[in-house]
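Notes to accompany the following structure.
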2 protein chains.
Amino acid sequence: MDNNKNINSPNNLSEPENKILEAAKKVFIQKGFDGATMQEIADVAGINKALLHYYFRKKEILFKTIFQQAFSEFVPNIQEVISSDKPLRKKIKSFIEGYIDLLTKNPYLPIFILNELSQRPEKLITIIKSSGLNPSLIIKNFDKSLQEAGIKSYPIKHLLVNILSMCIFPVVAKPVISSFLFDGNDKSYQLFIQQRKKYIYDFIIKALKI
Amino acid sequence: MDNNKNINSPNNLSEPENKILEAAKKVFIQKGFDGATMQEIADVAGINKALLHYYFRKKEILFKTIFQQAFSEFVPNIQEVISSDKPLRKKIKSFIEGYIDLLTKNPYLPIFILNELSQRPEKLITIIKSSGLNPSLIIKNFDKSLQEAGIKSYPIKHLLVNILSMCIFPVVAKPVISSFLFDGNDKSYQLFIQQRKKYIYDFIIKALKI
DNA sequence: GTCTATATGGCGATAGAC
DNA sequence: GTCTATCGCCATATAGAC
């Protein structure tokens, strides 16, 4: 029996379980699967290694739990935005602003996801497929919006990838961009990212001639 | 004395040194610093661990050598393209096509660079700074081209990042894109990447109203 | 230069007392 | 459930024969 329920917790997990997950998230996202150690996760969680293995029998099990959680955070409420009944321009604007805010709050998330996914595609692809994301529905809704706005000349998958690229890549490539374009000045880089809300939007609107 | 020079080699390195570098590149790029082992590198090179340490005293030294080499491959001849005297549209077109070809040939390169750079920014930033890339010169030349083409309304750094994002991100995010947009079909994904040469170009040209 | 053998340490994982 | 102690393994790195 679990005599250690945390009544104040929003989920049904015991208190150490929550501390472990929080610690594991921090360590895995910062160092990746190979770079993270169970010892460090235990230290951050304020428990010892043995207890870690008591709750999550293997490193891989703990990792997959974290990865799944991270992936669902990384995928925003795009479905919601796209299927709303706002005009197309508003939809695009909301999506960009929301996503850049999300990325600003979780700058390590995308590179973690993308790197792990590159190194263990087979093992992780099932996890991302069970994320509840429905790409064909998104495509369908987005396509409808484009049709209504009279845009037929640009393929929707490329448009979708263009938008995502321009939002995510600058966060993933922070070290290069910050160093080469802003002399390592973090304030300038952060400002640049915020400015992108406007400039990505402008770019897309002009490209689509809306 | 080095009694093992490889006369046929284009560089000045001994034969085992070249085999080691080739093997290390393959392993490091595929598995990252933490995931790679000296044993595997030695195996791929067809030598033993001890010899590895004879030539490169520490894993980190070998890694930095590979990283530097990888980074200079990852950074294309952008300088050359930008400072040529072709019209702006041609410059943009050449750059996109050349870069996508480069990325198609080396699809693991960008995620390797970006991930290692995220995890060890301080240690690697000096390496990328010594890459010979001159960003302010590129900006300057590119800016001149834009001025001549009568484009003043869009900030150059954002434009530069937009172009790079749309080229690089789809390669970095291959597992997600392939799985979600193309049902895991690699042929379809590869075709998509090739199509991007045209669609990225179109997108930019329209956005800039050239 | 190249090898075998080994030192040394940290890793994931488990045993077993409490 | 939580701890200390420890196992077995594999990592980087070195010693020393040839």
Side-chain angles (χ1 to χ4, degrees), chain A residues 1-9 11-67 116 119-120 123, chain B residues 1-9 11-67 116 119-120 123:
Chain A
M1 290 297 258
D2 191 345
N3 60 9
N4 201 359
K5 286 287 182 195
N6 184 353
I7 306 295
N8 296 325
S9 171
N11 51 37
N12 277 337
L13 302 178
S14 62
E15 200 224 328
E17 227 164 338
N18 276 322
K19 282 199 295 190
I20 289 171
L21 286 173
E22 191 187 345
K25 186 180 173 184
K26 200 179 297 183
V27 176
F28 273 134
I29 287 182
Q30 222 169 92
K31 311 209 167 170
F33 180 82
D34 293 321
T37 71
M38 296 297 261
Q39 183 63 65
E40 184 176 0
I41 293 172
D43 290 346
V44 173
I47 56 163
N48 65 54
K49 255 193 316 181
L51 202 58
L52 243 179
H53 280 93
Y54 172 78
Y55 283 106
F56 300 88
R57 289 190 337 279
K58 292 174 167 302
K59 186 184 184 184
E60 178 140 351
I61 294 178
L62 182 53
F63 175 77
K64 285 192 176 175
T65 310
I66 298 300
F67 183 83
E116 298 297 336
Q119 265 171 37
R120 297 161 187 80
K123 289 200 177 179
Chain B
M1 287 298 255
D2 191 344
N3 59 9
N4 200 1
K5 286 286 182 197
N6 183 354
I7 306 296
N8 296 324
S9 170
N11 50 38
N12 278 336
L13 303 176
S14 62
E15 200 224 329
E17 226 164 338
N18 277 322
K19 284 198 292 188
I20 289 171
L21 287 173
E22 191 186 345
K25 187 181 174 185
K26 200 179 298 183
V27 177
F28 273 133
I29 287 181
Q30 221 170 90
K31 311 210 169 171
F33 180 82
D34 292 320
T37 70
M38 296 297 262
Q39 183 62 65
E40 185 176 359
I41 294 172
D43 290 346
V44 173
I47 56 162
N48 64 53
K49 263 190 310 182
L51 202 57
L52 244 179
H53 281 92
Y54 172 78
Y55 283 106
F56 301 88
R57 289 190 338 278
K58 293 175 167 298
K59 186 184 182 182
E60 178 141 350
I61 294 177
L62 180 53
F63 175 78
K64 286 192 176 175
T65 309
I66 298 300
F67 183 83
E116 298 297 337
Q119 266 170 37
R120 298 163 186 80
K123 288 200 176 176

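Atom set for the values below is all heavy atoms of this structure, side chains included, hydrogens, waters and symmetry mates excluded.
Atom CG of B:Leu51 is separated from atom P of D:dT12 by 16 Å (rounded to the nearest Å). For A:Gln39 and C:dG9, the CD to P distance is 16 Å, given to the nearest whole Å. Between the CG atom of B:Asn18 and the P atom of C:dG1 there is a distance of 14 Å, given to the nearest Å. Rounded to whole angstrom, the span from the CG atom of A:Leu52 across to the P atom of C:dT14 amounts to 13 Å. Across the protein-nucleic acid pair, B:Phe56 atom CZ and C:dG1 atom P stand 13 Å apart, rounded to whole Å. Look at NZ on A:Lys59: it is 16 Å from P on C:dG10, rounded to the nearest Å. The NZ-P distance, from A:Lys31 to C:dG12, rounds to 12 Å in whole Å. Rounded to whole Å, atom C1' of D:dA11 lies 13 Å from atom CZ of B:Phe28.
The shortest distance between the side-chain N/O atoms of B:Tyr55 and the OP1/OP2 oxygens of C:dT2 is below 4.0 Å. OP1 or OP2 of C:dA13 sits under 4.0 Å from a side-chain N or O of A:Lys58. Distances shown here put every side-chain N or O of A:His53 at or beyond 4.0 Å from the OP1 or OP2 atom of C:dT14.
Ranking C:dG1, D:dT12, D:dG1 by closeness to the B:Tyr54 side chain, first place goes to C:dG1. Closest to the side chain of B:Asn48, out of C:dA13, C:dC3, D:dT2, is C:dC3. Here D:dA13 is the nucleotide among D:dA13, D:dG1, C:dT2 with the atom lying nearest to any side-chain atom of B:Met38. Here the nucleotide nearest the side chain of B:Thr37, chosen from D:dG1, C:dT2, D:dA11, is D:dA11.
For the residue pair B:Ser14 and B:Glu17, a side-chain donor N or O sits within less than 3.5 Å of a side-chain acceptor on the partner. No donor-acceptor contact under 3.5 angstrom links the side chains of B:Asn18 and B:Glu22, judged on distance only.
Between B:Lys58 and B:His53 the shortest side-chain heavy-atom distance does not fall below 4.5 Å. Inter-residue side-chain proximity for A:Leu21 and A:Leu62 is flagged as met; some heavy-atom pair is nearer than 4.5 Å.
Residue contacts for A:Ala36: at a heavy-atom cut-off of 4.0 Å it reaches the sugar-phosphate backbone alone, with no base atom in range. Using a 4.0 Å heavy-atom cutoff across all strands shown, A:Lys49 reaches at least one base atom of the nucleic acid.
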Quiz item: Step by step, would you call B:Asp34 with A:Phe33 a side-chain contact (heavy atoms from CB on, under 4.5 Å)?
Solution: CA-CA 9 Å; B:Asp34 292 320; A:Phe33 180 82; over 6 Å; no
